[in-house]
Protein chains: 2
Amino acid sequence: MGSGETEGALIRLRAWLANRPADADKRLPPERELARMLGVSRGTLRKALAVLEAEGTIWRHVGRGTFVGDRPVEPLLDLSDVIRRTSPAHVMEARFLLEPELARLAALNGTAADLDELRLCLRQSRLAPDWRSYEYWDNRLHRGIAQATGNTVLLALLDGLDTIRRAIAWGRLRRGPQRPPPDHHSFAEHEAVVAAIAERDPQAAATAMRRHLASVRARLFAALGLEPVPGSESGSAIDAGTKRVLEDVVPTLPGVRA
Amino acid sequence: MGSGETEGALIRLRAWLANRPADADKRLPPERELARMLGVSRGTLRKALAVLEAEGTIWRHVGRGTFVGDRPVEPLLDLSDVIRRTSPAHVMEARFLLEPELARLAALNGTAADLDELRLCLRQSRLAPDWRSYEYWDNRLHRGIAQATGNTVLLALLDGLDTIRRAIAWGRLRRGPQRPPPDHHSFAEHEAVVAAIAERDPQAAATAMRRHLASVRARLFAALGLEPVPGSESGSAIDAGTKRVLEDVVPTLPGVRA
DNA sequence: GGACGAACCAATCCGAAAATGGTCCAAATA
DNA sequence: TATTTGGACCATTTTCGGATTGGTTCGTCC
């Protein structure tokens with residue numbers, strides 16, 4: 001196979017690549033120029049470049065150039081498309097899935113600085129002069145919990161969920177001159193979550209978060225005119241698979257911080 | 001307040017907006033032109049536009065123009081930044097959080113077409129001629145499970161996790177002429193997950209997925225030279241908070257499809 | 001058969017010019 | 001006095017043409 005000049009070009013190319021300063025530009029000269037520099041034809045150089053690309057040393061893109069290192073990541077997420085075919089119920093389901101576990105991991109991994117941030121959010125949300133301001137601090141609180149897990153991936157996931165949530169038409173949006181009433185259900189629920197995190201009680205934190213989300217969901221569905229979620233307040237009826245739940249959930253979510 | 005010409009401009013503007021065809025462009029004429037069309041000065045028109053913007057009818061942006069409808073959502077996620085400060089352990093933690101619940105919801109909501117897709121992935125992954133091809137079908141399988149939940153938000157979340165996972169440097173990447181051995185651990189584990197989904201057994205599906213992820217994590221950490229996760233195989237030691245887990249997990253993840 | 005050179009293609013980048021919303025100000029107007 | 005008007009700037013964005021660059025296909029020559 002690769003006999004003759006192609007192999008020579010590959011060797012010369014590797015040597016040229018090795019002899020360049022470490023702080024050199026990630027971008028290589030254009031093929032035409034590089035071919036002239038190495039004393040090879042462009043076609044031959046391209047074969048050598050193809051080898052380097054196959055082994056992951058470089059990556060190329062039409063119109064951009066040839067670069068050394070890993071190919072950059074492109075988002076690939078078409079948010080506006082997701083938003084069009086999603087519903088508030090979907091968002092609530094995702095929140096139920098994510099946020100209790102975030103609270104749980106926050107109780108395990110949260111730092112003192114994280115807790116300061118959470119307490120700040122609690123205080124400010126009580127002082128909020130209008131709904132818009134309240135929602136800012138509410139949002140910042142939930143994000144702070146994700147931050148307290150110490151896991152940037154989880155934080156990114158919650159951020160993604162947030163952008164979707166914020167973009168959905170929530171029917172009535174309660175903006176106005178009024179302010180949240182002092183006995184707004186979220187206040188006590190938020191404080192319960194933060195208290196459990198502060199006491200390093202993971203189960204209690206997750207439980208408190210579930211209670212909070214159940215409350216939010218009930219209000220949301222009521223506002224949308226839907227029927228309440230079946231079994232959301234019963235809490236009875238321990239089925240046969242319960243023991244498996246214990247064996248699964250407890251050991252496999254250790255919450256190690258890497 | 002808005003006395004005199006401003007009010008008149010607002011009325012004329014509303015009328016002009018109402019009288020345009022439904023399929024008209026979302027983009028309004030430039031302010032200078034629109035002002036001339038309505039016979040108002042630009043400053044007055046801008047006050048009227050400010051009212052419409054405050055009530056959410058239109059949105060504006062410098063250099064772009066004025067548009068009717070909701071303001072488009074911007075990603076706000078800087079993926080390349082997240083990737084730089086994250087670790088394989090973080091990604092595994094996120095997978096443990098997400099994917100078992102996805103399997104659970106897939107068992108509840110998956111359609112026959114979804115199951116066909118999953119079985120196709122199983123078959124193709126066994127036939128894969130090299131690791132690269134195997135990882136394609138493996139990836140498509142996990143994505144298919146998220147698809148089977150019927151929740152586009154969860155699918156978007158898994159996609160986001162995937163882009164992060166794919167971008168991280170996984171140390172050894174097992175690309176090469178070899179192919180996955182026929183007794184590769186993932187085969188049986190994947191089939192267990194899909195079987196549980198097909199039998200509509202949510203708990204079993206979640207359990208099988210946890211087992212699979214635990215296996216993946218063990219191999220990953222071994223390859224990276226880390227110590228195994230404490231308690232990942234013990235599964236004993238039922239602590240005091242277990243009953244609460246039951247009361248929490250079971251009723252609050254109903255998996256309703258909206 | 002393989003290497004070379006040339007030409008062409010489609011995607012991308014680049015820079016200047018135009019377009020657009022945001023802002024300020026003095027004159028005109030009621 | 002209070003409001004409107006027209007004009008001039010500003011910062012951001014779009015637009016558009018030309019240059020750049022990797023991808024591809026020829027004919028030609030060893």
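By convention in this document, chain letters (A, B, ...) are assigned in the order of the sequence lines, proteins followed by strands, and residues within each chain are numbered from 1.
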Nucleotide C/dA3, atom P - distance to CG of A/L45 in whole Å: 13 Å
Under the ring-ring contact (aromatic ring centres under 6.0 Å, His included) test, residues paired with B/W16 that sit two or more places apart: none
Below 4.0 Å: OP1/OP2 of D/dG22 and any side-chain N or O of A/T66: yes
Nucleotide C/dA19, atom C1' - distance to CZ of B/R27 in whole Å: 8 Å
Residues from residues 53-64 of chain B lying under 4.0 Å of DNA chain D - heavy atoms: B/H61, B/V62, B/G63, B/R64
Side chain to side chain donor-acceptor pair (under 3.5 Å) against A/R12, all qualifying residues, sequence neighbours excluded: A/E5
Below 4.0 Å: OP1/OP2 of C/dA3 and any side-chain N or O of A/K47: yes
Atom-to-atom span, CG of A/L28 to P of D/dT20 - whole angstrom: 18 Å
N/O (side chain, B/T6) to phosphate O (OP1/OP2, D/dT3) under 4.0 Å: no
Nearest atoms (heavy-atom pairs only) where A/A156 meets B/I164: CB-CD1, 4.2 Å
Any donor-acceptor N or O pair under 3.5 Å, side chains A/N19, A/R14: no
Sugar-phosphate only, base, or nothing, as touched by B/G43 at under 4.0 Å among non-hydrogen atoms: nothing
B/R46 and B/T6, any side-chain heavy atoms less than 4.5 Å apart: no
Test side chain to side chain donor-acceptor pair (under 3.5 Å) applied to B/R126 - qualifying residues, sequence neighbours left out: B/E191
Qualifying residues under ring-ring contact (aromatic ring centres under 6.0 Å, His included), relative to A/F67, sequence neighbours excluded: A/W59
Rounded distance (nearest 0.5 Å) linking atom NE2 of B/H185 with atom NE2 of B/H190: 8.0 Å
Whole-Å gap separating P (C/dT20) and CG (B/D25): 12 Å
For atom CG of B/L49 and atom P of C/dG21, their distance in whole Å: 8 Å
Residues within residues 31-42 of chain A bordering DNA chain D, heavy-atom distance below 4.0 Å: A/E31, A/R32, A/R42
Minimum side-chain heavy-atom gap A/M209-A/I145 below 4.5 Å: yes
